[in-house]
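Heavy atoms only: backbone and side chains are in, while hydrogens, waters and symmetry mates are out. Start at 1 and go down the list; that is how both ligands and their atoms are numbered. All values reported here derive from a predicted model rather than from experimental measurement.
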Amino acid sequence: MEKTSTEAENPLRQGLRLERTPEPSTILIFGASGDLTRRKLVPALFRLARQNLLPGGFSILGTGRSRFSHEEFRRRMREAVDEFVSEPVDSNAWEHFSSGIFYTPTDLDDPQSLERLGGLLQEIDQGRGTSGNRLIYFSTPPSLYVPIARMLGSAGLNRSKGWTRVVVEKPFGHDLPSMQELNREILEVFSEEQVYRIDHYLGKETVQNILVLRFSNGIFEPLWNRRYIDHIQITAAESLGVEGRGGYFDQAGTLRDMIQNHLFQIFSLIAMEPPASLEASEVRDEKTKVIRAIRPFSPERVDQFAVRGQYGPGAVNGSPVPGYREEPGVAPESSADTYAAVKLLVDNWRWAGVPFYLRSAKCMPKRVTEVAVQFREAPHLLFEDSQPLEPNVLTLRIQPDEGITLRFGAKLPGQGFKIRTVNMDFRYGTSFGRKLPEAYERLLLDAMLGDSTLFARGDTVELCWRLLTPILEAWQAPAAHFPNYQAGSWGPKESGDFMKREGRRWSRL
Ligand code: BG6
């Protein structure tokens, strides 16, 4: 194994020494021949390296059932970086980065291959000065999480002379019992402090900005409660369908795939109380507390709190799209929800009586993730206008077109007092003029730094599953009315009717 170059020789580390550089470490990736490694993990690590954010000696050890030599794996990762890093890849930077990439096949049932894995980790420690610091990434199908954790435990790879942390990809369980079982098995081998349950939405700049918007400005927090807010809508609409993941998605559905994790995480940041500090435990305690305050759904009244849908054939952006049931890997009579909307009520002093509507769907006319905070009407209207006044809405645009908009009424120039709704707008693109980092960059770096603030804690994930259990159970019944919306439309009629009954309407996206 070659020796690590000194920092001075390292073309990736010339430039400013940045504060947030973790200690030298190895990331051990299970499922290294998979899509996530290619599309997200290695491109994110390369971008971090290019920004001088990774320590000298940083190494990647890929593993999985496929057999590659180090060279073959490096070549594959180079192709991945060429494809998924938008800026041109500098050959010197790649040479340096790839000298720290290794691969060894692992067969979980073969003790010899585990020994080889352990031996290679030690060699990397010695050769590249990574001192036993290890980030172990579970990027395999979820059915392998427990076998891998057990294997790491029995091979003694759950501890080292440095730090050992595991990053577990979603889905973290399929329902409450499977989540509890998975958690129990992982915690047999690792302590809670070692476990980083990833939710890539928490790595998005705009999601982190929720904390900054709320707690670094004096003007929003006084209004952030039941006295001034009528309701809040959190939407994640995707224009894509299941994109070849029909086999997985048909067992999951949107409620599990998006709402249980990503939308609940956004909800918790929007609704939590101010933490005492940005310490991981403080932030995570507050998030958990507000999730605990969500009123449980009554199993007999699920229809009053949730709507499901599934898309049939249609067209998105002018291109024809087959119905969900025609996707490969999907059962012909599938009842999987590709559209899900849920109403949450939060029983605490801040939010009593303020509904939160969470919705997510595939095959919508466009991709939009946003939080719309709708304020109460002015208590007394002085102006007579033929047009009804629109409510004030603060919209946090999570993606794309990242930014924040405040809608309010303004006087239409001219005689009298005619009012029109106008927007006050902040756009990341124009204000900061730089590309936002990818979520995985932030999260991988945080995990290496031992900062778990932006990762989901076991008790929080458990609470989310527990809350959704009555809906998941009710939705096990076949949906005779599916498909109930056209691909490329804004969802099923039932969803609009649901909001009408609430005396509200879905925000226009
Ligand atoms: C994943 C879901 O967690 O998030 C996918 O499994 C979904 O179904 C994706 O498409 C959306 O992520 P993003 O970052 O594109 O909004």
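A donor atom on one side chain and an acceptor atom on the other are found under 3.5 Å apart for Tyr137 and Glu169.
Minimum interatomic distance between Ile136 and Leu157 (heavy atoms only, all atoms of both residues): CD1-O, 3.8 Å. When all heavy atoms of Ala340 and Leu255 are compared, the pair lying nearest together is CB-N, 4.1 Å.
Residue contacts with ligand 1, taken as heavy atom pairs separated by less than 4.0 Å, involve Tyr201 solely via side-chain atoms from C-beta onward.
Nearest-heavy-atom check against atom 12 (O) of ligand 1 across Arg367, Arg256, His200 picks out His200.
For ligand 1, the atoms sitting less than 4.0 Å from at least one non-hydrogen atom of Arg245 are 2 (C), 5 (C), 6 (O), 8 (O), numbered in the order shown with element in parentheses. Of all atoms in ligand 1, listed by their number and element, those nearer than 4.0 Å to a heavy atom of Lys362 are 5 (C), 7 (C), 8 (O), 10 (O). The contact set between ligand 1 and Lys204, taken as ligand atoms under 4.0 Å from a residue heavy atom, comprises 13 (P), 14 (O), 16 (O).
The aromatic rings of Tyr201 and His262 lie parallel to each other, their planes meeting at an angle below 30°, with 60° marking the opposite boundary. Classified by interplanar angle (parallel below 30°, tilted 30° to 60°, perpendicular above 60°), the ring pair Phe220/Trp224 is perpendicular. Classified by interplanar angle (parallel below 30°, tilted 30° to 60°, perpendicular above 60°), the ring pair Phe267/Phe264 is perpendicular. By the 30° and 60° cut-offs, the orientation of the rings of Tyr145 relative to Phe138 is tilted.
Polar contact with ligand 1: present for Lys170 (N/O pair, distance under 3.5 Å). Between Thr369 and ligand 1, no N or O atom pair is found at a separation short of 3.5 Å.
At the top of the distance list for atom 6 (O) of ligand 1, counting protein heavy atoms only, stands Asp257 OD1, 2.6 Å. For atom 10 (O) of ligand 1, the closest heavy atom belonging to the protein is Glu238 OE2, 2.5 Å.
In this structure, Glu243 falls outside the shell of residues with a heavy atom less than 4.0 angstrom from ligand 1.
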